[in-house]
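Notes to accompany the following structure.
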Amino acid sequence: MIKLFFASSGSEANESAVKLARKHGALHLGGAYEIITLTNSFHGRTLAMMSATGKAQWDTLYEPKVPGFIHVPINDFDACFAAISHNTCAIMLELVQGEGGVNAVDPAYLQAIRKACDVYGIMLIVDEIQTGLGRTGKLFAFEHYDVQPDVLTLGKGIGGGYPLSAMLTKSKFDLFEQGDQGGTYAGAPLGMAIGLAVVKEIVRLGLAEQAAIVGSYAISKLQELARVYPLSNIRGKGLLLAFDVPESSAQSLVAQSMEEGLLINAPKPSTIRLMPPLIATKSDVDEMIRLLQQALARIGLAAS
Ligand SMILES: *Cc1c(COP(=O)(O)O)cnc(C)c1O
C-alpha cells in the first residue's frame with residue numbers, strides 16, 4: 001500500500017521525505033541521519049533542500065548549511081558506495097536531473113543503488129518533482145528502469161499550475177505518527193480537487209504516451225537541425241529534452257528565441273533545456289524547430 005502526504009511546493013514534499021528518512025534512521029538504523037545526494041542535483045529552495053541540492057553556486061549562499069547531506073557524482077556507483085556509512089539513512093536522487101541540464105541516471109547504476117539500499121536498509125528517495133506525471137513519456141520516470149523507489153516526491157505538473165505537491169511512501173516506511181508532519185494547506189480541499197482533476201486528465205488524454213511520441217519526434221527534428229547548426233549532445237526522455245551549444249552561447253539563444261516567440265531556458269551556460277507542455281503535438285514541434293532555427297540564424301551560430 002502507498003501512503004501520501006500532500007503539501008504546496010516540491011521543496012516541502014522533499015523536506016517530508018528527508019524527515020521520514022531521518023525518522024527511519026532514528027528508529028531502525030541506530031540514529032543514522034545522513035542522506036547521500038548527487039552533485040548537479042536540484043531538490044528545492046528551503047534551507048535543507050538547498051543543502052541537499054548539489055549546485056556549486058549555492059555552496060556558500062545563506063550559510064551555515066543544514067548538515068547531513070553528502071554529494072557524489074551521478075552514474076559513479078563506486079563513489080556512492082564509498083559514501084555509505086553507518087550514518088546513512090537514505091539516498092535521494094532525480095532519475096533525470098532537470099535543473100542540472102537533463103542528465104539521466106544509467107539503468108545499471110540505479111539497479112546497483114537499489115540493491116545497496118536493500119542490503120543496508122537504506123531508504124531510496126526518488127525526486128520526480130520535474131520528471132513525474134508524464135513528463136518523460138511514462139507516468140513516472142522510474143518506469144523506464146526496472147527499479148522501484150521506497151519514497152517518491154511529486155510537484156510541478158501534479159497541480160497543473162496550482163501549488164500542490166506530494167510525498168508518497170510504501171507502507172514499509174509509513175513511519176509518521178500523528179503530529180510528526182503537517183501544514184496549514186496539507187491536503188486542503190481545493191488543492192485535492194485540482195490535483196485529482198489534473199491526474200485524471202493526464203491519464204484520460206494519454207499525455208504520458210503522447211509525450212513519448214512527440215518527444216522522439218522532437219529529437220529526430222533536433223538531429224536534423226544539428227546537421228546545419230552546432231547543436232550537440234541532444235538528449236532527454238519524453239518532453240524533457242536538452243542539447244548543448246558552443247562557447248556559452250545558451251543565454252543569447254534563450255534571449256533571441258524569446259524575441260522569436262519561443263520560450264526555452266538555459267540551465268547551464270552551454271545547455272538549452274526544452275520542456276514543451278505535455279499537450280504539445282508534432283506540429284507544435286515543427287513550429288518550435290522553425291523558431292529555434294530562426295533564432296540560431298539571427299545570433300549567427302555558424303553551421304558546423
Ligand atoms: C522544481 C523542483 C523542486 C522544487 O520544487 P518547488 O515547488 O520549487 O519547491 C525540487 N526538485 C526538483 C527535481 C525540481 O525540479
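What's counted below: heavy atoms across the whole structure, side chains too, no hydrogens, waters or symmetry copies. Ligands are counted one by one from 1 in listed order, and the atoms in each one are counted from 1 as well. Keep in mind it's a predicted model, so treat the numbers as computed, not measured.
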Open item on the list: Going by ring-ring contact (aromatic ring centres under 6.0 Å, His included), name the pairs with one or both residues in residues 150-202, residues two or more places apart or in two chains.
Closed with: H24-F173
Open item on the list: Quick check on the hydrophobic clustering: are L292 and Y217 connected, directly or via other members, by side-chain heavy-atom contacts under 4.5 Å?
Closed with: yes
Task: For atom 2 (C) of ligand 1, the protein heavy atom that lies nearest, with its residue and separation - done: K156 NZ, 2.5 Å
Task: For ligand 1, the portion of N14 having any non-hydrogen atom under 4.0 Å away - done: side chain
- [ ] With heavy atoms under 4.0 Å as the rule, classify the contact between E94 and ligand 1 as side chain, backbone, both or neither.
- [x] side chain
Open item on the list: Tell me whether F42 has any N or O atom under 3.5 angstrom from an N or O of ligand 1.
Closed with: yes
Open item on the list: How far is atom 11 (N) of ligand 1 from the closest protein heavy atom, and which atom is that?
Closed with: D127 OD2, 2.7 Å
Open item on the list: Could you tell me if the side chain of R298 sits less than 4.5 Å from the side chain of E259, heavy atoms only?
Closed with: no
TODO: Among all protein heavy atoms, pick out the one at the shortest distance from atom 9 (O) of ligand 1; state its residue, atom name and that distance to 0.1 Å.
DONE: S11 OG, 2.5 Å
Open item on the list: Starting from atom 6 (P) of ligand 1, what is the nearest protein heavy atom, named by residue and atom, and what distance separates them?
Closed with: G10 N, 3.4 Å
Task: Ring geometry between Y120 and F81 (parallel below 30°, tilted from 30 to 60°, perpendicular above 60°) - done: tilted
TODO: Given side chain to side chain donor-acceptor pair (under 3.5 Å), test H43 with T37 step by step and report yes or no.
DONE: CA-CA 9 Å; H43 296 296; T37 67; 5.1 Å; no
TODO: Verify whether one side chain among T131 and E128 offers a donor that lies under 3.5 Å from an acceptor in the other.
DONE: yes
Task: Heavy-atom nearest neighbour of atom 10 (C) of ligand 1 within options H43, M92, R135, M49 - done: H43
- [ ] Please confirm whether E12 comes within less than 3.5 Å of ligand 1 when only nitrogen or oxygen atoms on both sides are compared.
- [x] no
- [ ] Using the six-membered ring wherever Trp is involved, compare the ring planes of F142 and F140 and label them parallel, tilted or perpendicular (cut-offs 30° and 60°).
- [x] parallel
Task: Under 4.0 Å to a heavy atom of G44 - the qualifying atoms of ligand 1, by number - done: 4 (C), 10 (C)
